[in-house]
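Shown next, in structure tokens, is the structure this report addresses.
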Amino acid sequence: MTGVDGRILPQLGGIAYGSDYNPEQWPEAIWAEDARLMAEAGVNLVTVGVFSWARLQPGPGTLTAGWLDRVLDLLAGAGIQADLATATASPPAWLVAEHPEILPVTADGRRLGFGARQSYCPSAPAYRAAAADLAGRVAERYAQHPAVAMWHIGNEYGCHVPACYCEQSAAAFRRWLQARYGGLGELNEAWGGAVWSQDYTSWDQIGPPRTAPTFGNPAQQLDFARFSSAELLACYRAERAALAAHRVSQPVTTNFMGLFRPVDQFRWSADLDVISVDSYPDPADPEAHLISAMACDLTRSVGGGRPWLLMEQSPSAVNWRAVNVPKAPGQFRALSLQAVARGADAVLSFQWRAAATGAEKFHSGMLPHAGTDSRVWRDVVGLGASLRRLAPVAGRLVPADVAVLLDWENWWALELDSHPTSHLHLTELLGELYRPLLHGGVTADFAHPESDLSGYRLVLVPALYLVSDAGADNVRRFVSAGGTAVITFFSGIVDPRDRVRLGGYPAPWCDLLGLRVEALAPLPPGQAVRLDGPASAAGAAGRLWQDVISLRGATPLLTFGAGHLAGEAAATRHGHGQGEALYLGTLPDRGTLGRLVQRACQHAGVDLRTDLPPGVEAVRRGEYLFLISHLDRPAGIELGSKHFDLLTSAMVGPRAVLAPRDVLVLARGNGPS
Ligand code: GAL
Ligand code: ZN
């Protein structure tokens, strides 16, 4: 499917453009100006009501909706669609006063107060009931409203309160454990109760993994992470059911947060009609575009490849970092078009008007404090014009030959304490493997280890510490059938109960890799070990990790050049069935890793470009090739022949010079079909 069928909001006729819109923070007298300026910018979709609970429902059993009627009517009149929120993201003071037990409790037993946002325990029956009640009332009133194009349940589930440790949560956790294990004997076995005298003799003895004298039980912590993601999903589902009860027909979503550890997006995705994401890379980070590219690819992957929404980003600075650097000229546009290149059919920001009051008043808005005579506003209008030109791209799919395996259960288990090193962070390792792909113009999906891998040529397996038997078999079958896999250190170590798979690491893949890791020998921060061998170049070094590898058929690509493992294999390759499996027993420096990934791509028949200036991204979507510069200087690029640029309607090539942070969207042939 590459045609227009895949469009998520076909009535918008192209790429949606807009923001969160919080008119309740402003006098009604300026709403008409909002609508006028939205039209000027080309805004056609706004998210309304995310934090409106207190204004919509000043007490139980009510809906003071007159103001929202007027907002939605105004939008409908201006031809702007609404992504209408259920307004449940932040419970109001009256609900907290009536039900103080909904306030969340931290692992060390502190009850968090009211006065920020998201002050609720996901397991609190009073919160769930009140949220479902409000969602139902909003749906009842607006399900048929002409402005409503889609529904936005909650907001950024788990952002501030990923888990709660109160007594209600403890009770819910026990029920969840009973359903999972059936009997206490099974639970004691799964949790390794024999260690440190942790056997339970009654269910009421079990609690969430509260702050304890030292390292807590890892299997308990892992189950609590599973439970906490499931509890948040239950909150979402309760509201979704309330919408369904009022025959809501529009697509329903909630906004994920990219590579955010608490919420297992693969488990949630079936409950969302369309996937959306909030993406806030730090403009001060020279690799901001790498972080956002991963978030885009993840969001597309979670939705099975379908187009998705960039629900939030910042037009310029945010307010919540220690130092909030504004976006550089062109950066808002380049990152927005990056999202479109990677499959987004909507580019929304937080928020429309920069707030004058409250905690977010120094967060940028599309309409800044300075008003329309400002660079931000001119950029906002300019981006609207660019997005209109990209209408033919809407609904197109993004092909990917490479999959990076990602499993939240692994992520939770991997980053528990009492491990060989506490310096192994999954997102950092993902970034290391992803960088050479980005630099080579190779698009990757993220895939669950048990998902169908047959459509990929190359599969990367970064620190898949926890893997099920099914996941391990899946990777082995992929390679047998002719695929190429790159597996890193600390993969295949434990089963889903966090129990070590014995016999040498990585037990399920020793045959696949043609080796056996006898021991794990991480490196202290700052320490690097020289790497030799056929895949090394001058200065090659490994850091973070060393595996003690004994070869069982694999060929070394790198060897340790010094230290107690000098001469031993550090990275290997091994043919298996029709395919090949590479193993990394250390984290090579960027150049060396880049060459290894390049080698794997070549072997897999994946086209990795070596001609892209670093900082210029190349992504295919449908029949269009996006070339996006994230550089603050011009960048020359060979296009091979002349191409039609959708953004300017000019023919460009065979050589093009991209202005700083400029973008080309090249169609095959002479123009859009
Ligand atoms: C998100 C949130 C928005 C806004 C934004 C600011 O986390 O969903 O409501 O607060 O951050 O960057
Ligand atoms: Zn709780």
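Numbering of ligands and ligand atoms starts at 1, following listing order.
Using a 4.0 Å cut-off between heavy atoms, Arg117 contacts ligand 1 through its side chain alone, with no backbone atom that close. The side chain of Asn155, and not its backbone, has at least one atom closer than 4.0 Å to an atom of ligand 1 (non-hydrogen atoms only; side chain from C-beta on). Counting heavy atoms closer than 4.0 Å to ligand 1, residue Glu360 contributes side-chain atoms (C-beta onward) but none from N, CA, C or O. With a 4.0 Å cut-off on non-hydrogen atoms, Asp20 does not touch ligand 1 at all.
Between Glu231 and Ser169, the side chains place no donor N or O within less than 3.5 Å of an acceptor N or O (distance only, hydrogens not considered). Side-chain contact annotation: Asp223 with Trp191, donor-acceptor N/O pair under 3.5 Å present. Side-chain contact annotation: Thr357 with Gln25, donor-acceptor N/O pair under 3.5 Å absent.
Closest protein heavy atom to atom 7 (O) of ligand 1: Glu156 OE1, 2.3 Å. Atom 5 (C) of ligand 1 has Tyr280 OH, 3.3 Å as its closest protein atom, hydrogens excluded (heavy atom only).
Residues Arg210 and Ala170 share a closest heavy-atom pair of NH2-CB, 4.0 Å.
Ligand 1 lies nowhere less than 4.0 angstrom from a heavy atom belonging to Gln351.
Among the atoms of Ser169, an N, O or S atom is found under 2.8 Å from the Zn ion (ligand 2).
For Asp108, the CG atom counts as densely surrounded, since its 6.0 Å shell holds more than 12 non-hydrogen atoms of other residues, nucleotides or ligands.
Put simply, the residue from Phe266, Phe256, Phe260 that forms a ring pair (Phe, Tyr, Trp, His ring centres under 6.0 Å) with Trp408 is Phe266.
Checked by distance only, ligand 1 and Glu312 come closer than 3.5 Å through their nitrogen or oxygen atoms.
Note on ring orientation: taking the six-membered ring where Trp is involved, the planes of Tyr236 and Trp268 are tilted (angle from 30° to 60°).
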